[in-house]
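Below is one structure; the comments refer to it alone.
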Amino acid sequence: LVVVDFDSLLVVVRTCAIAVIPLAIMGLVETFYAKSIYFGLGQYCPFAANKGMEYQERQGLFRAMGPHGETIMFGLWFACLLPLVRLLRFDRPAWRMLRWPAMLACVAGVLSTVSSGPYMALIVVFVCLALERAKYLVKPLIVGTILLCIAIEFLSNRHFYYVLGDLAMDGDSAWYRARLIDVAIMMLPQYWQFGYGFTDPGWGPLIDGNKRSDGVNDYIVHAVVYGIFGLLVYLAVLASAMRNTVRAHAASLGPAGRCCCWAVATSLIGLMMAFWSVSLFGQMEIFFYGLLGLAGALAVIFPRTATAPRPRRPLARGPVGQWTIAYK
């Protein structure tokens with residue numbers, strides 16, 4: 001699918017809105033009954049190991065996995081798709097009506113996973129969508145969050161990511177993620193140049209005493225695999241994607257364009273916040289690459305030439321007698 005204008009983007013969003021409803025129903029069936037309504041089809045796949053699906057129980061419910069086969073990835077897909085489904089309010093009447101059940105299905109899909117990571121991404125998405133009508137609060141909120149983390153560092157006897165981890169549903173998982181950050185900082189001299197590559201760094205005994213170390217932080221995973229310079233390149237890609245959404249938002253002329261840019265940015269921010277507690281793989285990683293590509297396509301959908309031309313200063317004579325044009 002090639003997105004070249006707003007109409008072609010709506011085609012992609014319509015497809016996702018149709019798919020999200022049966023997938024949310026599937027997630028609810030799994031979380032209440034611990035049964036997959038599609039897993040029986042595995043017997044017809046000659047290369048699949050049909051060993052059954054083991055559901056984890058939390059808060060009296062089962063953590064749905066869906067076709068992703070992994071709870072957190074399944075929930076993140078719903079959370080990041082919600083802002084895009086909301087774009088259907090600029091579509092034809094029939095599709096505008098579909099956005100409400102589709103958005104409700106996104107929320108239900110996240111809740112069916114009973115996982116802190118998707119819950120956090122959904123909360124971030126709701127906050128960003130609320131800020132769309134109060135954009136003047138964005139910078140104060142960012143500055144306030146940074147100052148809050150600094151204050152926790154000074155006022156608490158623990159690092160701020162340990163304190164924030166107390167808000168998670170599973171205290172043991174939150175502690176592991178915080179401890180992973182500590183070990184990654186401690187072992188930095190060993191991998192900052194070239195990384196460990198696609199191998200286990202052997203941090204398990206330092207984290208929780210196990211042999212295997214679980215990379216549940218996408219930023220740390222990139223640093224461990226490629227080194228600090230690889231992490232910087234990764235962060236540069238994310239920053240470039242966000243910059244493209246900001247520029248396209250400034251260049252768009254109507255509410256549909258601004259809402260589209262805000263939706264893409266919201267999905268990316270929700271994922272980037274979730275990266276602190278999970279590393280992407282499988283279908284969700286492909287969806288993330290699609291969001292990065294969509295952030296780049298915004299420059300085509302809403303080109304800078306669509307705005308009023310920038311003011312120019314009068315022609316001025318150059319130092320060697322040539323005429324030059326100086327842009328403001």
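Note that the numbering runs from 1 along the sequence shown for the chain.
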Legend entry - Neighbour count >12 (heavy atoms, 6.0 Å) for atom NZ, Lys135: yes
Inset, instruction - Measure the CE-CD1 distance between Met120 and Ile72 for me, rounded to the nearest 0.5 Å. - result: 9.5 Å
Legend entry - Donor-acceptor contact present, side-chain Trp262 to main-chain His249, <3.5 Å: no
Legend entry - Val20 with Leu104, same ILVMFWY side-chain cluster at under 4.5 Å: no
Legend entry - Heavy-atom side-chain contact between Ser36 and Met65 under 4.5 Å: no
Legend entry - Interatomic distance, Leu271 atom CG to Phe275 atom CZ [nearest 0.5 angstrom]: 5.0 Å
Legend entry - Flag, side chain of Tyr176 to backbone of Asp214, donor-acceptor distance under 3.5 Å: yes
Inset, instruction - Please determine which of Phe229, Trp203, Tyr226 meets the ring-ring contact (aromatic ring centres under 6.0 Å, His included) test together with Tyr191. - result: Trp203
Legend entry - Passing option when Pro83 is tested against Val125, Ile269, Leu268 for side chain to side chain contact (heavy atoms under 4.5 Å, CB included): Val125
Legend entry - Test salt bridge (Lys or Arg N to Asp or Glu O under 4.0 Å) applied to Asp200 and Arg212, step by step: CA-CA 7 Å; Asp200 191 325; Arg212 179 180 176 273; 5.2 Å; no
Legend entry - Val4: partners by side-chain contact (heavy atoms from CB on, under 4.5 Å), with sequence neighbours left out: Val2, Ser8
Legend entry - Glu153 side chain near Ile150 side chain, heavy-atom distance below 4.5 Å: no
Inset, instruction - Would you check if Leu292 and Leu238 make a side-chain contact, meaning some heavy-atom pair closer than 4.5 Å? - result: yes
Legend entry - Cluster check Val237, Ile228: I/L/V/M/F/W/Y, side chain < 4.5 angstrom: yes
Inset, instruction - Calculate, to the nearest 0.5 Å, the distance between atoms CG and CE belonging to Leu235 and Met272 respectively. - result: 10.0 Å
Inset, instruction - Compare all side-chain heavy atoms of Leu280 with those of Met73 and state whether any distance is below 4.5 angstrom. - result: yes
Legend entry - Verify same cluster id: Val138, Tyr136 (apolar side-chain graph, 4.5 Å): yes
Legend entry - Side chain proximity check, Leu137 to Leu141, heavy atoms < 4.5 angstrom: no
Inset, instruction - Of all the heavy-atom pairs spanning Leu84 and Ser267, show the shortest one and how long it is. - result: CG-OG, 4.1 Å
Legend entry - His222 side, atom NE2; Ile220 side, atom CD1 - distance, nearest 0.5 Å: 12.5 Å
Legend entry - Polar side chain donor-acceptor pair, Thr31 to Arg63, under 3.5 angstrom: no
Inset, instruction - For the residue pair Leu131 and Thr266, establish whether any side-chain heavy-atom pair is separated by less than 4.5 Å. - result: no
Inset, instruction - Go through the steps to decide whether Arg177 and Leu180 satisfy the test side chain to side chain contact (heavy atoms under 4.5 Å, CB included), and finish with yes or no. - result: CA-CA 5 Å; Arg177 285 161 169 78; Leu180 175 63; 5.6 Å; no
Inset, instruction - For Thr71 and Val114, run side chain to side chain contact (heavy atoms under 4.5 Å, CB included): C-alpha distance rounded to whole Å, both residues' side-chain angles, the deciding distance at 0.1 Å, then the answer. - result: CA-CA 8 Å; Thr71 298; Val114 200; over 6 Å; no
Inset, instruction - Could you tell me whether Arg96 atom CZ has more than 12 heavy atoms of other residues or ligands within 6.0 Å of it? - result: yes
Legend entry - Asn217 side chain reached by Val278 side chain, heavy atoms, under 4.5 Å: no
Legend entry - Centroid separation Phe288 to Trp77 less than 6.0 Å: no
Legend entry - Shortest non-hydrogen contact from Leu88 toward Arg14: CD2-CG, 3.9 Å
Legend entry - Chi angles and distances behind the side chain to side chain contact (heavy atoms under 4.5 Å, CB included) call for Leu111, Tyr119: CA-CA 7 Å; Leu111 296 178; Tyr119 284 11; 4.0 Å; yes
Inset, instruction - Report the distance from atom SG of Cys16 to atom CZ of Phe287, rounding to the nearest 0.5 Å. - result: 6.5 Å
Inset, instruction - Could you tell me whether a side-chain N or O of Ser279 sits under 3.5 Å from a main-chain N or O of Gly215, the two making a donor and an acceptor? - result: yes
Legend entry - Where Phe74 and Leu23 come nearest, the two heavy atoms and their spacing: CZ-O, 3.7 Å
Legend entry - pair Met97-Arg92: side-chain heavy atoms closer than 4.5 Å: no
Inset, instruction - Identify the two heavy atoms, one from Met187 and one from Tyr196, that lie closest to each other, and give their separation to 0.1 Å. - result: CE-OH, 4.3 Å
Legend entry - ILVMFWY cluster, Val225 and Phe281 together (side-chain gap under 4.5 Å): no
Legend entry - Closest heavy-atom pair and its distance - Ser213, Gly204: CB-N, 3.5 Å
Inset, instruction - Tell me whether Ile181 is reachable from Trp192 by hopping between hydrophobic residues (I, L, V, M, F, W, Y) whose side-chain heavy atoms are closer than 4.5 Å. - result: yes
Legend entry - Main-chain N/O of Arg86 paired with Arg99 side-chain donor or acceptor, under 3.5 Å: no
Inset, instruction - For side chain to side chain contact (heavy atoms under 4.5 Å, CB included), just list the numbers for Tyr33 and Phe62, CA-CA rounded to whole Å, side-chain angles, deciding distance to a tenth of an Å, and then say yes or no. - result: CA-CA 8 Å; Tyr33 300 102; Phe62 298 98; over 6 Å; no
Inset, instruction - Specify the closest pair of heavy atoms between Cys260 and Leu298, including all atoms of both residues, with the distance to one decimal. - result: SG-CD2, 3.8 Å
Inset, instruction - Give a yes or no on whether the backbone of Gly195 and the side-chain of Gln190 come within a donor-acceptor separation of less than 3.5 Å. - result: no
Legend entry - Gap between atom CG of Leu129 and atom CG of Leu82 - 0.5 Å precision: 6.5 Å
